[in-house]
K.L.:
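What follows is a single structure, and I will ask about it in a moment.
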Amino acid sequence: MIQAGIVGATGFTGMVLTELLWAHPEVRLGPLTSSSYVDQQVSDVFPHVRVPGTYVEYSPEAVADCEFVFVCYPHAASHPVVGELIDRGHRVIDLSADFRLADEDAYQHWYGFQHGRADLVPKAVYGLPELHRERIAAADLVANPGCYPTATILAALPLVRDLGIATVIVDAKSGVSGAGRAPSATTHFSRVHDDFRAYGEVGHRHTSEMLQELGRVAGTPVGVSFTPHLLPLDRGILATVYCLPAVGAELLSQDALMHLYEGAYVDEPFVEVVAAAPALSEVQCTNYCRISPRVDEAAGLYKVVSVIDNLLKGASGQAVQNLNIMAGFPETLGLGAQG
Ligand SMILES: NC(=O)c1ccc[n+]([C@@H]2O[C@H](COP(=O)([O-])OP(=O)(O)OC[C@H]3O[C@@H](n4cnc5c(N)ncnc54)[C@H](OP(=O)(O)O)[C@@H]3O)[C@@H](O)[C@H]2O)c1
């Protein structure tokens, strides 16, 4: 049994983590911190979350008894707290972007802030188990991946690793919970309901993770063009990922492509390869990523559709998967279907 606390527990990812850790058979749920809801009960803030607990102000002392701490702050706000916790000997899973990029200068370029704990950047492990399981197991600091990058990297990975794909085009759609709990002019109901739009169509910051991880897999830079869209629903990401082979390269047959994907993910507990393009409803409220790869002969490319729940495989579920790996628990523990 280990004790795990949540810093920034009143956001959407913190809310889902609270439920997951409370139900986890090997975890004692530790302090839940908040600055806006101190002394309020979990059920005061989230009436559907039936977890006993009272929010407390964050301080290093408040989480001192926790071997593991999840940090669910926005980017730029996270790294000072993560640094403080690492300095005090905790093992930390950071759900923000603050340690996802291996190049300390990239934070200024993609996120517009100067990293205050650049000393920890080389120690952080990118927390995509399907790519870095062994390093995650030994890590003290895991940078939980972004939701769009999770759906995209898992979709493109077998092709990029085995076939020398040079360019990946990502057309992805997310439910509104991906933007966090605080409403904004672009995410409130009247703006989103019954409408559909692209945003951040050039230079979206999640592109940086896709470039980094797909480039690592390929062993050479891979071009990524990423267009996110806002779907008028709560949870889920659907990414259609176009993988362009080198000019003149012969396309695999559909059977060979399925064989490639099934082989790549045969041992992965949370990746399912399917023949027909999956719907969001097939993965909502679960930690699964479901992927369907197709050969598009007319266009001379591969087209891969991938779906996840942004708050589970795209955030808190993947964070618990990483905790299980770090703590030496079975990787699927506490990650049954979530309602
Ligand atoms: N939503 C997703 O689908 C998703 C997926 C993957 C990764 N992420 C990442 O996970 C992190 C948390 O996401 P979320 O969706 O849970 O966000 P959120 O709903 O906006 O919640 C963030 C929480 O952090 C606290 N907070 C807000 N601003 C803060 C600040 N400047 N300094 C300190 N604390 C602050 C707030 O709680 P109090 O006011 O109570 O302190 C808030 O509830 C973000 O970095 C996000 O990018 C989110």
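One is the number of the first residue; the rest follow in order along the sequence. As the structure lists them, so they are numbered: ligands from 1, and atoms in each ligand from 1.
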K.L.:
Is there any ring-ring contact (aromatic ring centres under 6.0 Å, His included) pair reaching into residues 22-74, and which pairs are they, with sequence neighbours excluded?
P.N.:
His24-Phe329
K.L.:
For Arg28, check salt bridge (Lys or Arg N to Asp or Glu O under 4.0 Å) against everything at least two apart and list the hits.
P.N.:
none
K.L.:
Could you tell me how the ring of Phe113 sits relative to the ring of His75: parallel (under 30°), tilted (30 to 60°) or perpendicular (over 60°)?
P.N.:
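Answer is parallel, since the angle falls under 30°.
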K.L.:
Please produce the table of protein N or O atoms sitting under 3.5 Å from N or O atoms belonging to ligand 1, one pair a line, distance to 0.1 Å.
P.N.:
unit_1   : atom_1 : unit_2 : atom_2 : d
ligand 1 : 1 (N)  : Ser177 : O      : 3.0
ligand 1 : 3 (O)  : Asn310 : ND2    : 2.9
ligand 1 : 10 (O) : Leu95  : O      : 3.3
ligand 1 : 16 (O) : Phe12  : N      : 3.2
ligand 1 : 16 (O) : Thr13  : N      : 2.9
ligand 1 : 16 (O) : Thr13  : OG1    : 2.8
ligand 1 : 19 (O) : Phe12  : N      : 3.1
ligand 1 : 19 (O) : Arg181 : N      : 2.7
ligand 1 : 37 (O) : Thr10  : OG1    : 3.0
ligand 1 : 39 (O) : Ser36  : OG     : 2.5
ligand 1 : 40 (O) : Thr10  : OG1    : 2.6
ligand 1 : 40 (O) : Ser34  : OG     : 2.6
ligand 1 : 40 (O) : Ser36  : N      : 3.4
ligand 1 : 41 (O) : Ser35  : N      : 2.8
ligand 1 : 41 (O) : Ser35  : OG     : 2.7
ligand 1 : 43 (O) : Thr10  : OG1    : 3.0
ligand 1 : 43 (O) : Gly11  : N      : 3.1
ligand 1 : 45 (O) : Tyr73  : O      : 2.7

K.L.:
Which class fits the ring pair Tyr107 and Tyr111: parallel under 30°, tilted 30 to 60°, perpendicular over 60°?
P.N.:
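Geometry flag for Tyr111 against Tyr107: tilted rings.
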K.L.:
What residues form a salt bridge (Lys or Arg N to Asp or Glu O under 4.0 Å) with Arg181, not counting sequence neighbours?
P.N.:
none
K.L.:
Would the number of heavy atoms belonging to other residues, nucleotides or ligands and lying under 6.0 Å from CZ of Arg216 be above 12?
P.N.:
yes
